[in-house]
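The block underneath contains the structure these notes are about, expressed in structure tokens.
A note on names: the letters A, B, ... follow the listed sequences, proteins ahead of strands, and every chain is numbered from 1. Any value given below was found using the heavy atoms of this structure, including those in side chains, with hydrogens, waters and symmetry copies removed.
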Amino acid sequence: MKLSNFFIPTLKETPSDAVIPSHVLMLRAGMIKQLTAGVYSYLPLGLRVFRKIEGIVREEMNRIGCNEFLLPALSPNELWQESGRLDFYGDDIFRIKNRELVLAPTHEEVFTSIAKPSLVSYRNLPQMWYQIQTKFRNEPRPRGGVLRARQFTMKDAYSFDSSWEGLDRSYNLQREAYIRIFTRCGLKFFSVTAFNGGMGGNESEEFMVESQFGEDMVMISEDGSYAANIEVAVSESVHVARVGSNLMHEKFHTPGVKSIEELAEFLGITDKSRLAKSRMFVVPPSGEAEKEKYVLTLVCGDDEVNEAKLFNIFPNIRPAHPDELKSITGADAGSIGPLGLKSSDVIITADIRLKDADELISGANENDYHIRNIDLKRDVDGIRYEDIRVVKHGEKTIDGKSTLRESRAIEVGHIFKLGTVFAERLGAYFLDEKGEQHPLIMGSYGIGIERIAAAFIEQNHDKDGITWSGEISPFLINLISVNPRSEKVKAESDRVYSELLSGGYEVLYDDREDVSPGVKFKDADLIGIPLHIIVSEKNLQNNEIEVKFRKNGQREKLNSDEIINRLPNFLKNI
RNA sequence: CGGGAUGUAGCGUAGUCCGGUUUAUCGCGCCUGCUUUGGGAGCAGGAGGUCGCAGGUUCGAAUCCUGCCAUCCCGACCA
């Protein structure tokens with residue numbers, strides 16, 4: 001490709017809207033251009049990278065016997081009502097105003113609707129289907145360029161099995177394909193156990209790239225034996241010891257005390273573990289016959305409730321609104337607790353750290369009053385103990401052998417075992433060997449195409465620009481004709497270019513005549529193609545041309561035929 | 001949706017507090033000519049603006065007031 005007719009609008013200055021390195025560099029290297037918040041045009045150079053990533057994904061999906069589809073982005077409301085997700089997604093789904101259609105944010109429904117009339121016998125199973133397609137999500141806050149966009153490309157795959165063992169096999173095939181994909185893309189990555197998002201199913205793993213600009217918090221053990229999204233992470237639980245004094249609980253006046261910090265200060269203590277922190281949640285009714293339920297959570301004063309963990313115990317749970325709080329407890333936030341609740345429909349759930357703890361202090365469900373000497377074992381009937389707290393940096397792993405470190409990461413892929421939720425909701429059943437009907441057992445597997453590119457750039461850049469390597473580089477070689485106005489230089493660069501092309505190399509040829517050498521070198525470093533070949537008057541006097549490795553800046557001057565002969569070796573080292 | 005910030009040419013910006021020699025600043029980029037060609041060239045000339053939008057105050061508004069819109073950041077949210 002000749003740069004003189006390839007459109008790469010590089011920018012000398014950092015656009016003021018971009019903050020994180022991958023976003024800045026994608027804009028500066030002319031890969032993408034923002035159209036509106038969270039929506040990007042892919043320019044020729046960026047598209048080349050995204051297409052390469054798609055190519056790798058496609059190869060690895062095909063390798064495991066996954067069938068490529070291409071489904072529409074437009075999708076009838078009816079289908080989403082059937083699965084219950086029109087309401088579930090709420091404002092996050094784009095709706096078409098003049099038709100009963102949505103722009104699909106994902107494709108479980110549509111794929112299942114295809115499976116339903118076709119995968120009707122165990123003889124049709126298993127099947128694995130995928131597509132690489134544009135997704136639309138009305139993200140409340142897009143950020144980081146293509147890291148979180150409202151329109152983006154996703155590889156989404158779905159498996160259909162007739163048994164749970166079959167699901168395990170499909171899941172593992174996908175899992176292995178993911179490892180090959182991210183490895184081929186040149187990412188340093190790891191996987192973590194993850195939140196299933198409340199969509200049912202059991203096992204779920206996210207593929208993560210560690211980055212200070214990532215949106216996910218993960219807990220990683222120092223010995224590498226454990227990694228989990230903070231939403232599900234567990235640690236060795238340090239129990240609050242039972243004192244056994246059997247002191248009677250008593251109410252006391254705490255004027256103006258609203259937070260655990262204020263309570264600790266009021267009491268003049270620093271250890272907050274016995275200050276039981278209470279929060280009220282509401283569980284919506286799951287069926288017509290059911291009533292709304294309330295859940296009061298208790299964690300140590302120095303802990304936080306993990307709402308994702310809570311969601312797994314109580315589906316669709318949400319925090320109570322202030323007015324609900326008042327009517328359920330009789331008090332406002334800051335004064336609520338497990339004793340003396342106004343409503344009798346409250347399930348009290350304490351974190352396992354507080355199992356059978358006593359001498360606790362909590363709100364009295366009366367503004368400006370707290371109660372001391374609460375004994376959960378003695379005073380709270382029907383209390384449940386669950387792991388509902390957020391794990392903290394520096395805690396021990398659950399086996400006590402290593403220490404957990406908190407880190408940020410970019411999620412580039414997510415695989416999980418959906419189970420039968422969708423098949424049941426959409427009525428996709430098959431007959432087994434005995435003629436019995438069962439719902440299809442599904443798995444769902446996603447990869448963010450642009451996110452891989454962004455994550456790669458986060459891991460591979462320096463002060464001058466991107467440092468591509470491996471299979472996703474837009475080109476392998478950047479041929480720079482330092483001064484093509486010189487007949488000699490032009491003739492030799494043209495000759496080298498055609499030799500490289502006939503050798504099957506992907507070459508970006510900077511043949512621009514009206515641009516100074518400095519601009520060419522700066523652009524080459526910014527775009528970051530791994531190997532530069534430089535043809536200049538100076539070197540030609542010694543009958544030489546030059547190779548430069550973008551990443552480490554190493555250079556070598558040699559006769560041009562020799563360079564071309566040694567290219568396979570040079571390219572091995574990038 | 002809460003909190004913060006910003007909006008001036010393709011990009012980056014000065015001016016805004018304290019309204020008036022402002023014909024809106026400067027750099028990059030762009031156009032023309034000449035020179036230049038190993039790290040974002042030099043000289044000369046030139047084009048390019050509803051100062052986000054709408055209203056208001058005023059003799060006079062980029063500047064003050066009101067409303068709206070857009071973009072970014074933090075948070076909430078994000079199977």
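Arg495(A) has a carboxylate O that lies under 4.0 Å from a charged side-chain N of Glu499(A), or vice versa, which qualifies the two as a salt bridge.
Atom CG of Asp92(A) is separated from atom P of A76(B) by 15 Å (rounded to the nearest Å). Residue Met217(A) contributes atom CE, which lies 10 Å from atom P of G75(B) at whole-angstrom precision. We find that CD1 of Ile534(A) is positioned 18 Å from P of U37(B), with the value rounded to whole Å. Between the P atom of U13(B) and the NZ atom of Lys12(A) lies a distance of 15 Å, rounded to the nearest Å. The nearest whole Å value for the distance from the CD atom in Glu307(A) to the P atom in A76(B) is 10 Å. The separation between Glu13(A) atom CD and G29(B) atom P is 10 Å, rounded to whole Å.
Both Tyr158(A) and Asp523(A) lie near RNA chain B, and the one whose nearest nucleotide falls closer to the 5' end is Asp523(A). Map Thr36(A) and Ser536(A) each onto its nearest nucleotide of RNA chain B; the residue landing nearer the 5' end is Ser536(A).
Of the possible donor and acceptor atoms, none in the side chain of Lys417(A) sits under 3.5 Å from a partner among the backbone N and O of Asp168(A). With hydrogens and angles disregarded, no donor-acceptor distance shorter than 3.5 Å links the side chain of Gln34(A) to the backbone of Gly145(A). Judged by distance alone, the side chain of His107(A) and the main-chain N or O of Pro72(A) form a donor-acceptor pair under 3.5 Å. Of the possible donor and acceptor atoms, none in the side chain of Arg137(A) sits under 3.5 Å from a partner among the backbone N and O of Ala149(A). No donor-acceptor distance shorter than 3.5 angstrom exists from the side chain of Asn312(A) to the backbone of Pro315(A), with no hydrogens or angles considered.
Contacts of Asn559(A) classified as side chain to side chain donor-acceptor pair (under 3.5 Å), with partners at least two apart in sequence or in another chain: none.
Val19(A) comes within contact range of the sugar-phosphate backbone alone, with a heavy-atom separation under 4.0 Å but no base atom that close. No contact: Gly84(A) has no heavy atom under 4.0 Å from any strand. Looking at heavy-atom distances under 4.0 Å, Arg28(A) makes contact with a base. Using a 4.0 Å heavy-atom cutoff across all strands shown, Glu546(A) reaches at least one base atom of the nucleic acid. Residue contacts shown for Ser444(A) include a base, since a base heavy atom lies under 4.0 Å away. Within 4.0 Å (heavy atoms only), Arg137(A) reaches no atom of the nucleic acid at all. Residue contacts for Arg512(A): at a heavy-atom cut-off of 4.0 Å it reaches no nucleic acid atom on any strand shown.
The phosphate of G40(B) (OP1 or OP2) has no side-chain N or O of Ser516(A) nearer than 4.0 angstrom.
Proximity note for Thr10(A) (side chain, C-beta onward) versus G40(B), G38(B), C73(B): the nearest is G40(B). If you check G12(B), G39(B), G75(B) against the side chain of Pro15(A), the one that comes closest is G12(B). If you check U71(B), C78(B), G40(B) against the side chain of Glu139(A), the one that comes closest is C78(B). Closest to the side chain of Ala37(A), from the set C72(B), U36(B), G40(B), is C72(B). Between C11(B), G40(B), G38(B), one nucleotide has an atom nearer to the side chain of Phe521(A) than all others, and that is G38(B). The listed nucleotides are G38(B), U37(B), U71(B); the one nearest the side chain of Arg485(A) is U37(B).
More than 12 heavy atoms of other residues, nucleotides or ligands sit less than 6.0 Å from atom CD of Glu262(A).
With pairs defined as Watson-Crick or G-U wobble and both atom distances under 3.5 Å, the stems of at least three pairs that touch RNA chain B come out as B:1-7 with B:69-75, B:10-12 with B:26-28, B:30-35 with B:41-46, B:52-56 with B:64-68.
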Derivation of the side chain to side chain contact (heavy atoms under 4.5 Å, CB included) call for Leu500(A) and Tyr509(A)
CA-CA 10 Å; Leu500(A) 291 173; Tyr509(A) 176 22; over 6 Å; no
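For U71(B), its base never sits under 3.5 Å from the side chain of Arg143(A) at any donor and acceptor pair. In terms of polar N and O atoms assigned as donor or acceptor, the side chain of Glu537(A) never comes within less than 3.5 Å of the base of G38(B) in a complementary pairing. With hydrogens and angles ignored, no donor-acceptor pair closer than 3.5 Å exists between the side chain of Asn483(A) and the base of G38(B).
At a cut-off of 3.5 Å, with distance as the only test, no side-chain donor of Glu450(A) or Tyr40(A) sits close to an acceptor on the other residue. Looking at Gln174(A) and Ser159(A), their side chains never bring a donor and an acceptor atom within 3.5 Å of each other.
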Letter per nucleotide, 5' to 3', of nucleotides 1-10 of chain B [B base touched, S only sugar-phosphate touched, - untouched; heavy atoms, 4.0 Å]:
----------
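Rounded to whole Å, the separation between the P atoms of G40(B) and G2(B) comes to 49 Å.
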